[in-house]
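Have a look at the structure below before the remarks.
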Amino acid sequence: NAGIDNINTFRKLHLFERPGEVAMALAASGNLSVTQSIVSMVTEGLKNPETGEVETLLNAPSMFKAAQLVGRAMREVARTDSENLERHGGHFDAQLLLGGQLKDRRLRLFLIYAAGNFIEATSDTPFLQIGELKYGKPILDRAVTFETDLSSALKLGLISMDSTMRSNLAVGLPIDLAILPRDALQIAMSHRIEPGDAYFENLRHRWSEALRATHQSIPRPPYAGVDGR
């Protein structure tokens with residue numbers, strides 16, 4: 001959570017699971033107070049206006065319904081907080097990624113916008129992003145496909161994050177990771193990359209070296225006037 005004069009570390013990846021039955025991950029970006037309120041709501045529950053039942057992420061009957069619940073929480077926080085935020089110079093800004101799987105249902109990933117509406121990842125759009133996009137997205141656009149295996153996807157994601165951190169001082173370590181394989185119905189890996197992490201430092205160095213080597217191996221442009229120094 002970065003401001004010009006105040007930088008603090010808050011976890012923005014939240015995990016929900018009952019192993020063997022349901023596993024979900026919820027990642028947040030934007031106004032921290034807004035996203036923390038949303039996470040609290042979907043954890044503690046929202047009352048369904050039609051049935052009166054209290055709905056949480058872990059008792060949602062499907063991933064689609066879980067995404068709808070997050071959207072409802074988003075709209076509820078907007079209803080109660082947005083006017084006061086704007087009165088004090090703030091802004092209602094939030095996006096969330098919700099991914100997961102319920103038993104006997106398929107693995108799904110949703111991006112939920114500030115308005116509470118959402119889109120789903122598909123074979124044509126195999127990844128979704130929130131937060132600072134412009135520096136790291138080109139790497140994913142070039143390399144990630146629907147068939148990319150988990151190990152390669154994680155490596156590409158870390159390269160994308162490194163590129164973002166090098167170009168935007170407001171983005172930095174730590175990085176929280178979670179991996180949920182299809183049909184595992186539990187989080188297979190949850191890890192935090194802190195400053196000094198050996199693998200991440202090696203990845204950063206080798207990616208920079210590879211870019212320099214590739215740049216130097218490409219022939220000079222054959223246009224007049226570009227051979228000068």
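All residue numbers refer to positions in the sequence shown, counting from 1.
- Minimum interatomic distance between Glu17 and Leu58 (heavy atoms only, all atoms of both residues): N-CD2, 3.7 Å.
- Across all non-hydrogen atoms, the minimal contact from Ala25 to Leu15 is CB-CD2, 3.7 Å.
- In this structure, Ser167 contributes its side chain and Thr164 its backbone to no donor-acceptor pair below 3.5 Å.
- Taking a 6.0 Å sphere around CZ of Arg142, one finds it holds 12 or fewer heavy atoms contributed by other residues, nucleotides or ligands.
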- Item | Stepwise side-chain contact (heavy atoms from CB on, under 4.5 Å) check, Leu158 with Leu177 | CA-CA 10 Å; Leu158 292 176; Leu177 309 173; 4.1 Å; yes
- Message: Determine whether Ile175 and Phe200 satisfy the following criterion, side-chain contact (heavy atoms from CB on, under 4.5 Å), listing intermediate values before the conclusion.
- Response: CA-CA 10 Å; Ile175 299 172; Phe200 190 65; 4.0 Å; yes
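- Counting only distance, with no hydrogens or angles, the side chain of Thr148 and the backbone of Thr145 share a donor-acceptor pair below 3.5 Å.
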- Take Met24 and Leu180 through the test side-chain contact (heavy atoms from CB on, under 4.5 Å) and record every step on the way to the result. CA-CA 8 Å; Met24 300 182 193; Leu180 173 59; over 6 Å; no
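- Across every non-hydrogen atom of Ile187 and Ala178, the tightest pair is CG2-CB, 4.4 Å.
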- Query: Taking it one step at a time, do Ile112 and Leu98 satisfy side-chain contact (heavy atoms from CB on, under 4.5 Å)?
  - Reply: CA-CA 8 Å; Ile112 300 111; Leu98 174 67; 3.8 Å; yes
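- Sorted by first and then second residue, the pairs that involve residues 197-208 and meet salt bridge (Lys or Arg N to Asp or Glu O under 4.0 Å), not counting sequence neighbours, are Asp162-Arg204.
- Closest of all the heavy-atom pairs between Tyr135 and Pro138 is O-CD, 3.8 Å.
- In this structure, Met74 and Ile38 approach most closely via the heavy-atom pair SD-CD1, 3.3 Å.
- Side-chain heavy atoms closer than 4.5 Å link hydrophobic residues (I, L, V, M, F, W, Y) into clusters, and following such links, possibly through other members, connects Leu46 to Val34.
- Taking each heavy atom of Ser163 and Trp207 in turn, the nearest pair found is OG-NE1, 3.9 Å.
- More than 12 non-hydrogen atoms from other residues, nucleotides or ligands lie less than 6.0 angstrom from CD of Glu209.
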Would you tabulate the side-chain donor-acceptor contacts of residues 62-73 under 3.5 Å, counting partners in other chains and residues two or more places apart, or write 'none'?
{"residue": "Ser62", "atom": "OG", "partner": "Lys65", "partner atom": "N", "Å": "3.1"}
{"residue": "Arg72", "atom": "NH1", "partner": "Glu55", "partner atom": "OE1", "Å": "2.7"}
{"residue": "Arg72", "atom": "NH2", "partner": "Lys47", "partner atom": "O", "Å": "2.8"}

